[in-house]
Amino acid sequence: MKDFEQETAKFFEGCLPIEELARRGEDTMRYGPLKPVGLFDARLGDFRDPDNKDKRPYAVVQLRQEDKAGQLWNLVGFQTNLRWGEQKRVFRLIPGLEAAEFIRLGVMHRNTFLNSPQLLAPTLQFKTRSTLLAAGQLTGTEGYGAAVAGGWLAGTNAACLVRGLAPLVLPPTTLMGALFDFITSASPQHFQPMPPNFGILPAFPSRIRNKQVRYQAYRDRALADLNHWQQQSQFVCWPAAI
Ligand SMILES: Cc1cc2nc3c(=O)[nH]c(=O)nc-3n(C[C@H](O)[C@H](O)[C@H](O)COP(=O)(O)OP(=O)(O)OC[C@H]3O[C@@H](n4cnc5c(N)ncnc54)[C@H](O)[C@@H]3O)c2cc1C
């Protein structure tokens with residue numbers, strides 16, 4: 001990277017460049033984008049079967065088909081800052097890709113985001129200008145689902161304001177409610193984008209050790225609270241689908 005890029009480069013831990021993963025340790029990539037789990041290979045059997053674990057590959061590279069003819073394949077998880085010549089040289093070292101032709105090379109993307117804890121309320125309104133609302137990754141959420149939910153909430157709240165109704169705040173026990181609560185209440189000094197995840201949900205009074213049971217309990221609590229919330233909200237143009 002150029003000096004000026006290095007000064008500002010702060011990577012999102014959930015989407016690191018491949019060379020940064022490689023730099024962190026020999027095994028880091030195969031516990032990240034090259035993780036060989038959850039796969040089935042007709043030649044070798046089902047690696048998900050514990051008795052078949054020894055056949056599990058050391059690491060895998062996922063190729064996602066991009067065109068109908070099956071000539072273009074996207075190398076999944078290879079976000080990179082490497083120069084184009086280096087990308088071709090290094091990626092051709094992967095067994096099977098020795099003769100690969102590269103049509104589109106990897107580039108890093110930059111996420112610009114608001115300091116939402118400082119600027120926004122959980123209704124996604126600006127604190128100092130309540131008729132201005134924000135949504136999507138610009139607010140420091142990550143991912144498709146969060147962008148859709150944020151767009152829905154901001155749009156719905158804009159409609160509420162026009163109709164003279166109180167804007168909505170999603171229950172914090174739902175994943176999206178917890179996310180909007182997080183982005184508007186985290187520390188403004190250290191704020192970084194966040195995807196929806198179980199770690200931001202309010203804990204239960206006593207810890208449920210079994211992960212599957214805990215996640216089911218999160219789901220049941222969220223659905224019950226959402227149902228209750230929906231009945232409480234006096235929202236006149238409630239979408240029929242919900
Ligand atoms: C390579 C990559 C892979 C990803 N993979 C996944 C994944 O597998 N799963 C997942 O959940 N998420 C994934 N994400 C994240 C996900 O794409 C984003 O979180 C989500 O698309 C954000 O949606 P958005 O509508 O907030 O923003 P965007 O989709 O970025 O939309 C913003 C739009 O605003 C437009 N715009 C910007 N400035 C202006 C302006 N001044 N005037 C007018 N228009 C403007 C832009 O052109 C763009 O169309 C990935 C992101 C990247 C980059």
Side-chain angles (χ1 to χ4, degrees), residues 1 5 8-22 28-29 31-39 60-67 72-84 86-87 90-91 94 100 102-126 129 131-159 168 170 174-184 186 191-201 215 218-219 222 239:
M1 283 195 286
E5 289 174 309
T8 53
K10 240 165 99 190
F11 301 127
F12 177 54
E13 285 291 318
C15 197
L16 290 170
I18 195 75
E19 63 275 12
E20 175 64 17
L21 289 172
T28 311
M29 287 185 294
Y31 284 91
L34 310 193
K35 203 169 179 179
V37 298
L39 300 164
V60 295
V61 168
Q62 288 184 55
L63 297 173
R64 195 179 285 162
Q65 187 169 343
E66 291 218 316
D67 65 333
L72 287 175
W73 298 82
N74 182 1
L75 200 53
V76 179
F78 278 71
Q79 165 156 248
T80 178
N81 269 319
L82 289 175
R83 284 168 183 244
W84 289 6
E86 273 301 273
Q87 288 190 37
V90 175
F91 300 154
I94 297 170
F102 292 93
I103 304 296
R104 185 183 62 212
L105 289 150
V107 288
M108 283 292 290
H109 73 281
R110 179 192 151 127
N111 269 13
T112 300
F113 54 96
L114 299 170
N115 192 338
S116 294
Q118 200 181 357
L119 299 172
L120 297 181
T123 53
L124 302 182
Q125 293 169 284
F126 276 76
R129 189 175 154 197
T131 52
L132 182 64
L133 297 101
Q137 70 180 16
L138 186 67
T139 61
T141 63
E142 267 289 316
Y144 307 144
V148 171
W152 174 81
L153 184 64
T156 300
N157 280 343
L168 304 172
L170 289 173
T174 61
L175 265 186
M176 294 303 159
L179 185 63
F180 301 139
D181 182 54
F182 173 83
I183 60 162
T184 53
F191 181 58
Q192 284 296 312
M194 179 64 78
N197 69 86
F198 288 115
I200 54 174
L201 285 169
Y215 290 171
Y218 280 144
R219 180 202 57 193

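As the structure lists them, so they are numbered: ligands from 1, and atoms in each ligand from 1. Computed from a predicted model, the values in this text were never measured in an experiment.
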Ignoring hydrogens and geometry, is there a side-chain-to-backbone donor-acceptor pair from Gln192 to Phe12 under 3.5 Å?
no
Give a yes or no answer on whether the side chain of Asn157 reaches the backbone of Thr123 with a donor-acceptor pair at less than 3.5 Å.
yes
So is there a nitrogen or oxygen of [X] less than 3.5 Å from a nitrogen or oxygen in ligand 1?
X: Gln137; result: yes
X: Tyr144; result: yes
X: Gly145; result: no

Evaluate the 4.0 Å heavy atom contact test for [atom]: does a protein atom fall under the cut-off?
atom: atom 45 (C) of ligand 1; answer: no
atom: atom 53 (C) of ligand 1; answer: yes
atom: atom 34 (O) of ligand 1; answer: no
atom: atom 12 (N) of ligand 1; answer: yes
atom: atom 42 (N) of ligand 1; answer: no
atom: atom 39 (C) of ligand 1; answer: no
atom: atom 49 (O) of ligand 1; answer: no
atom: atom 29 (O) of ligand 1; answer: no

What are the atoms of ligand 1, with element, lying closer than 4.0 Å to any heavy atom of Gly136?
26 (O)
Decide side chain to side chain contact (heavy atoms under 4.5 Å, CB included) for Trp73 and Asp67; before the verdict, give the C-alpha distance in whole Å, the side-chain angles of both, and the deciding distance to 0.1 Å.
CA-CA 8 Å; Trp73 298 82; Asp67 65 333; 5.5 Å; no
So Phe78 and Phe91, would you call those rings parallel, tilted or perpendicular, with 30° and 60° as cut-offs?
perpendicular
Around atom CD of Gln62, are there more than 12 heavy atoms from other residues, nucleotides or ligands closer than 6.0 Å?
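Not buried by this count: 12 neighbours or fewer within 6.0 Å.
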When you compare the side chain of Arg104 with that of Asn74, does any pair of heavy atoms fall below 4.5 Å?
yes
Contact between Asn81 and Phe11 at the side-chain level, heavy atoms closer than 4.5 Å - yes or no?
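In short, these two side chains touch, coming nearer than 4.5 Å.
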Protein contact to [atom] [nearest heavy atom, distance to 0.1 Å]:
atom: atom 19 (O) of ligand 1; result: Gly143 N, 2.9 Å
atom: atom 23 (O) of ligand 1; result: Ala147 CB, 3.4 Å
atom: atom 2 (C) of ligand 1; result: His109 CE1, 4.7 Å

List the steps, then state whether side chain to side chain donor-acceptor pair (under 3.5 Å) holds for Thr80 with Gln87.
CA-CA 8 Å; Thr80 178; Gln87 288 190 37; 4.6 Å; no
What distance do Leu105 atom CG and Glu86 atom CD have between them, rounded to the nearest 0.5 Å?
12.0 Å
In Å and rounded to the nearest 0.5 Å, what is the CG to OG1 distance from Leu179 to Thr139?
7.5 Å
